[in-house]
Peer 1: 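Take a look at the following structure, please.
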Amino acid sequence: YNDVLPSLNLSFEFSGDRFVKMGLAKTMARGRMDDMKAGADVNITKGADGLTTWGGSGGNPELEPWRATSIDLSVEKYLNKRSYLSVAGFYKDLATYIYTQKLIGDFSAFPNTTADPHLPTPVNPLGIYERPMNGHGGQVHGAEFSASLDGSLVDKAYDGFGVVASLSVTASNVHPNGPGTSEKLPGLSGVVRNLTAYYEKNG
C-alpha cells in the first residue's frame, strides 16, 4: 500500500498572551509486527465439562495500518511565564482500524501434539480461530480543559508553589472487536482528570 500523509499546523497570536492553534493531518499507525506474521498457533483446551476443544490464533500478512484524518483546535491564554489556561477540541475520523476477528475454523488437518493424556483429540474438529483484521469507519472526538497556575498569581509569598490540572472528555463509536459488538477501544476512558500540586524554586 501507499499513503500520502500531509499535515498543517497553524498558530495565531493575539496581544502577545492569547493564542489560537490548529492542526490538520492525515495520519497512519502500523499494527504490531506479530499481528502481521504469517504463522498460526493451535491449541487444545479442556473445559469445565471435561470436553476438549480446538482453538488457535495467527497473524494477517495483509493487515493494513490504522488510518485517520484529524483536526485539533485549541485556545490558550498565558497569564505569566508559568501560568496558562487552555481549552482544546479534537476530532479524528478513522478510515481503518485493527480489531481481533473470531472465526469458526476447521482443525481436522492438525495433529494432536500435546502428548498429554488429559488432553485427548477433540471430537469436534471445529473451534475458534482469532486473527487481526481491518475495520472500517468510525470517529474519536472530545475536548480537553487544562490550566497551569503559579502561586505568585495570588501573592508573591506563594511564589514557587503551583498546580497543574486537566480534564479530558472523549467519545468514540469505534468497536475494536468488529461490527455488531459494543466493547470500547482499549485504553479509551470517557473522562480523565489530572491534578498535580508542585513546589519548584531555587533548584
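Sequential numbering from 1 along the given sequence is applied to the chain's residues.
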Peer 1: Any non-hydrogen side-chain atom of Val191 less than 4.5 Å from a side-chain atom of Leu167?
Peer 2: yes
Peer 1: Answer yes or no: is there a side-chain heavy-atom contact under 4.5 Å between Ile98 and Asn134?
Peer 2: yes
Peer 1: Which pair of non-hydrogen atoms, one from Gly31 and one from Met36, has the smallest distance, and what is that distance?
Peer 2: O-CE, 3.6 Å
Peer 1: Under 4.5 Å between side-chain heavy atoms, chaining through other members, with only Ile, Leu, Val, Met, Phe, Trp and Tyr counted: pull out the rest of the cluster around Leu126, sorted by chain and number.
Peer 2: Ile104, Ile128
Peer 1: Thr53 versus Asn124: any side-chain heavy-atom pair under 4.5 Å?
Peer 2: no
Peer 1: Hey, what else clusters with Tyr198 if you join Ile, Leu, Val, Met, Phe, Trp, Tyr whenever side-chain heavy atoms sit under 4.5 Å?
Peer 2: Val164
Peer 1: Shared ILVMFWY cluster between Leu8 and Ile71, side chains joined below 4.5 angstrom?
Peer 2: yes
Peer 1: Taking the side chain as every heavy atom from C-beta outward, state whether Leu24 and Thr69 have any atom pair closer than 4.5 Å.
Peer 2: no
Peer 1: Please report the closest heavy-atom contact between Asp159 and Tyr199, naming both atoms and the distance.
Peer 2: O-CE1, 4.2 Å
Peer 1: Using distance only, find each side-chain donor-acceptor pair of residues 143-154 under 3.5 Å and give its atom names and separation, not counting sequence neighbours.
Peer 2:
from   : atom 1 : to     : atom 2 : distance (Å)
Glu144 : OE2    : Ser168 : OG     : 3.1
Ser148 : OG     : Arg82  : O      : 3.2
Asp150 : OD2    : Ser152 : N      : 3.2
Asp150 : OD2    : Ser152 : OG     : 2.3

Peer 1: What is the minimum heavy-atom distance between Ser172 and Val140, and which atoms define it?
Peer 2: OG-CG2, 3.5 Å
Peer 1: Could you tell me the separation between the NZ atom of Lys201 and the CZ atom of Phe161, rounded to the nearest 0.5 Å?
Peer 2: 9.0 Å
Peer 1: Quick one: name the residues clustered hydrophobically with Phe107, using the 4.5 Å side-chain heavy-atom rule over I, L, V, M, F, W, Y, and just say none if it's on its own.
Peer 2: Val42, Ile44, Trp54, Phe110, Leu119, Tyr129
Peer 1: Would you give the length of the straight line joining atom CG of Asp93 to atom NE2 of His141, rounded to the nearest 0.5 angstrom?
Peer 2: 10.5 Å
Peer 1: Applying the 4.5 Å side-chain criterion to the ILVMFWY set and letting contacts propagate, would Val75 and Phe90 be lumped into a single cluster?
Peer 2: no
Peer 1: Say you draw a straight line from CZ of Arg193 to OG of Ser166; how long is it, rounded to the nearest 0.5 Å?
Peer 2: 11.0 Å
Peer 1: If you compare all heavy atoms of Lys102 against all heavy atoms of Glu130, which two are closest, and at what distance to 0.1 Å?
Peer 2: CE-OE2, 3.2 Å
Peer 1: Indicate, with yes or no, if Tyr97 and Tyr91 share a hydrophobic cluster defined by side-chain heavy-atom contacts under 4.5 Å among Ile, Leu, Val, Met, Phe, Trp and Tyr.
Peer 2: no
Peer 1: How close do Glu13 and Gly16 get, heavy atom to heavy atom, and via which atoms?
Peer 2: OE2-CA, 3.1 Å
Peer 1: May I ask you to decide if Tyr158's main-chain N or O and Asp155's side chain share a donor-acceptor pair within less than 3.5 Å?
Peer 2: no
Peer 1: For Lys77, is the NZ atom crowded, meaning more than 12 foreign heavy atoms sit under 6.0 Å from it?
Peer 2: yes
Peer 1: Please output the side-chain donor-acceptor pairs of residues 58-66 that fall under 3.5 Å, not counting sequence neighbours, one pair per line with the distance.
Peer 2:
from  : atom 1 : to     : atom 2 : distance (Å)
Asn60 : OD1    : Glu62  : N      : 3.0
Asn60 : ND2    : Pro132 : O      : 3.1
Glu64 : OE1    : Arg67  : NH1    : 2.7
Glu64 : OE1    : Arg67  : NH2    : 3.3

Peer 1: How many angstroms lie between CG in Asn173 and CG in Leu94, if you round to the nearest 0.5 Å?
Peer 2: 9.0 Å
Peer 1: Does Val87 belong to the same Ile/Leu/Val/Met/Phe/Trp/Tyr cluster as Leu73, with side-chain heavy atoms less than 4.5 Å apart forming each link?
Peer 2: yes
Peer 1: Could you pull out the closest heavy-atom pair between Asn9 and Gly23, with the gap in Å?
Peer 2: OD1-CA, 3.9 Å
Peer 1: Could you see if Met22 belongs to whatever hydrophobic cluster contains Phe14? Use Ile, Leu, Val, Met, Phe, Trp, Tyr and a side-chain cutoff under 4.5 Å.
Peer 2: yes
Peer 1: Are any non-hydrogen side-chain atoms of Val192 and Asn194 less than 4.5 angstrom apart?
Peer 2: yes
Peer 1: Applying side chain to side chain donor-acceptor pair (under 3.5 Å), can you list everything that pairs with Tyr78, at least two apart in sequence or on another chain?
Peer 2: Glu76
